[in-house]
There are 2 protein chains.
Amino acid sequence: MPKRENISMSVIRRLPRYYRFLTHLKEKGVTRISSTELSVKLGLTASQIRQDLNCFGGFGQQGYGYIVDQLCDEIGNILGLSNRYKTILIGAGNLGRAIATHMQFEEEGFELIGIFDSSPSKTGTRINGKIVMDTTELEDFCEKEKPVMAILCIPREGVHSILERLYSLGVRNFWNFSHYDISMRYEDTVVENVHLNDSLMTLCYRISNPNNK
Amino acid sequence: MPKRENISMSVIRRLPRYYRFLTHLKEKGVTRISSTELSVKLGLTASQIRQDLNCFGGFGQQGYGYIVDQLCDEIGNILGLSNRYKTILIGAGNLGRAIATHMQFEEEGFELIGIFDSSPSKTGTRINGKIVMDTTELEDFCEKEKPVMAILCIPREGVHSILERLYSLGVRNFWNFSHYDISMRYEDTVVENVHLNDSLMTLCYRISNPNNK
DNA sequence: ATCGTTATGTTAAATATATAACTATTATCT
DNA sequence: AGATAATAGTTATATATTTAACATAACGAT
Ligand SMILES: NC(=O)c1ccc[n+]([C@@H]2O[C@H](COP(=O)([O-])OP(=O)(O)OC[C@H]3O[C@@H](n4cnc5c(N)ncnc54)[C@H](O)[C@@H]3O)[C@@H](O)[C@H]2O)c1
Ligand SMILES: NC(=O)c1ccc[n+]([C@@H]2O[C@H](COP(=O)([O-])OP(=O)(O)OC[C@H]3O[C@@H](n4cnc5c(N)ncnc54)[C@H](O)[C@@H]3O)[C@@H](O)[C@H]2O)c1
């Protein structure tokens, strides 16, 4: 589908924001929008928006603008949101539970099919209707269900060993919340890190250095 | 302290990663490291690391490298981690509870001094020893305690109104987990957005387009 | 139907970021 | 102590990203 190969990550990371905003417009009943209007609302330049969208094709109409509904669908397709990538969650602590309970996986290309924890205090309990399994069941489960993505919500100590097991079970994609950088260990993996602590430290810097930018 | 003004955000966002890795080295008893060693472990170029650090001053010694302990402290100081910015949390749902329970605010420049929720099912309960207050108590509390940062863990519908109240109470810094872009509304605010859904959609794109980069 | 207006798609320029090359300084070995 | 190797700091180059400019196509008013 992409017009050109190798879209830059800078562009990709703006797409969900466009999608989110367009969805919101759609709900409000707005049918048409121009790159200039979008740029004002999103705090970007119109040029950037047009160029971003043109990486994937011409979705607008000259002299008219973009049809909200259509553009929203196009971006959703580019992102691949209609997929249902089978996903498992490792770690049913506070963070894992928050994610399992309130992320709308089905609207974002995924399906949560299993939750695992190593602590007997967690296994057997239910989260959002799903029973938390013991990590000893990981092999059996994965061989049967073939999940392609794993969410890591465990302390850093446990990550290395879990990662080896998941990799050998065919899992190649990871959404990682641990204080641990998975990247580079294997060539054929996709890792999306969410480092909340890093984010907080960045905020601390910005508060401490108000003159910066 | 900065050698030059206006450090770019690209540099700032790498600092926490350096800090995290150096802390880890320190714990392992490593006393000395070169930019090349660092670059291998972090998957960056040595050049970038040297240039990043030199934005703030010469922390190393030519022909020798960097002293782990010292460099770690320097980066911690640059980030401002020894601050104790008074912080309140709005929204004691799953995500808010996970953050309140497991973020080590005191090691990252902040101090959590109050938790608020609007639902009677939450107010009065305890999270990590702290009682969840009703949002009606927000004005009294803030006038007395003068928090400078607020963590937003509430649905998007509630954000606008809470934001207005917090702004008028002098809060200018926000760590935002809501599906809502605060930025640009006020000039003098600092907003660090954490959009988990955006992150997940980005991951979906990357899985769906394995040829991309 | 025609013309002017509008706003896209595209190409070009400017800016920002990352990498490489070079220089200078210090440690360490003989 | 002097020579050599190692490595930070610095300057220059290359690449990536953003912004601006322009040329073209479609709408809509007259
Ligand atoms: N909660 C946060 O705000 C936060 C912020 C930043 C990072 N993190 C990271 O996310 C991780 C989880 O956070 P949390 O708040 O849910 O912690 P938590 O302690 O509440 O939960 C961790 C869970 O992981 C389980 N676990 C530990 N090792 C395991 C293993 N090898 N296999 C399977 N399960 C295992 C534990 O039994 C526990 O249920 C933390 O370790 C931290 O690195 C959390
Ligand atoms: N949990 C996740 O995985 C996740 C992921 C992405 C984004 N988010 C965002 O974070 C928000 C919170 O997530 P959650 O999982 O904790 O949801 P949740 O429903 O468990 O908790 C929301 C809490 O906010 C409280 N609240 C609602 N309006 C309020 C107001 N005006 N003032 C004070 N409190 C108010 C509710 O009473 C509730 O306790 C979500 O709305 C969502 O936008 C959550």
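- Note on A/R17 versus B/D198: no salt bridge recorded, every NZ/NE/NH1/NH2 to OD/OE distance being 4.0 Å or above.
- Rounded to an integer number of Å, the gap from CD1 of A/I33 to P of C/dT6 is 17 Å.
- Legend: residues meeting side-chain contact (heavy atoms from CB on, under 4.5 Å) with B/S39, ordered by chain and number and at least two apart, are B/T36, B/A46, B/I49.
- When the P atom of C/dC22 is taken as reference, atom CG of B/N54 falls 19 Å away, rounded to whole Å.
- Each of B/S34 and A/Q48 was matched to the nucleotide of DNA chain D holding its nearest heavy atom; the match closer to the 5' end belongs to B/S34.
- Contact annotation for B/S10: backbone-only contact, meaning every heavy-atom pair under 4.0 Å involves sugar-phosphate atoms and none involves a base.
- Between C/dT8, D/dT7, D/dT18, one nucleotide has an atom nearer to the side chain of A/R14 than all others, and that is D/dT18.
- Between the P atom of D/dT10 and the CD1 atom of B/I49 lies a distance of 17 Å, rounded to the nearest Å.
- When each of B/R50 and A/R50 is assigned the nucleotide of DNA chain C bearing its nearest heavy atom, the one mapping closer to the 5' terminus is A/R50.
- DNA chain C lies under 4.0 Å from at least one heavy atom of each of the following residues of residues 62-72 of chain B: B/Q62, B/G63, B/Y64.
- Protein atom CZ of B/R13 is 16 Å distant from nucleotide atom C1' of C/dA16, rounded to whole Å.
- Screening A/L89, A/L166, A/V191 for a side chain to side chain contact (heavy atoms under 4.5 Å, CB included) involving A/L152 leaves a single residue, A/L166.
- Partners of B/Y66 by ring-ring contact (aromatic ring centres under 6.0 Å, His included), not counting sequence neighbours: none found.
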Contacts table for residues 101-109 of chain A: side-chain donor-acceptor under 3.5 angstrom, sequence neighbours left out:
{"unit_1": "A/T101", "atom_1": "OG1", "unit_2": "A/R97", "atom_2": "O", "d": "2.5"}
{"unit_1": "A/E108", "atom_1": "OE1", "unit_2": "B/N197", "atom_2": "ND2", "d": "3.2"}
{"unit_1": "A/E108", "atom_1": "OE2", "unit_2": "B/N197", "atom_2": "ND2", "d": "2.5"}

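- Per the geometry, CG belonging to A/D52 stands 14 Å off C1' belonging to C/dT8, to the nearest Å.
- In terms of the ring-ring contact (aromatic ring centres under 6.0 Å, His included) criterion, residue partners of B/F116 (sequence neighbours excluded) are, by chain and number, B/F141.
- Distance B/R32 CZ to C/dT26 C1': 10 Å, rounded to the nearest Å.
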List every contact pair, protein side and nucleotides 1-3 of chain D side both N or O, where the distance is under 3.5 Å.
none

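- Take A/V40 and apply the side-chain contact (heavy atoms from CB on, under 4.5 Å) test, not counting sequence neighbours, and it matches no residue.
- For the OP1/OP2 pair of C/dT8 and a distance below 4.0 Å, the side-chain nitrogens and oxygens of A/S35 include at least one atom meeting the criterion.
- Applying the salt bridge (Lys or Arg N to Asp or Glu O under 4.0 Å) definition to pairs two or more places apart or across chains, those involving residues 150-167 of chain B are B/E139-B/R165.
- No N or O donor and acceptor, one from the side chain of A/Q51 and one from the base of D/dT17, sit under 3.5 Å apart.
- Between the CD1 atom of B/I7 and the P atom of C/dT17 there is a distance of 11 Å, rounded to whole Å.
- Evaluation of the ring-ring contact (aromatic ring centres under 6.0 Å, His included) rule for B/F21 yields no partner, not counting sequence neighbours.
- Counting heavy atoms from C-beta outward, B/I12 and B/I7 have side chains that approach closer than 4.5 Å.
- Residue B/S47 is classed as a base contact, given a heavy-atom separation below 4.0 Å to a base.
- Per the geometry, CD belonging to A/Q61 stands 13 Å off P belonging to C/dA7, to the nearest Å.
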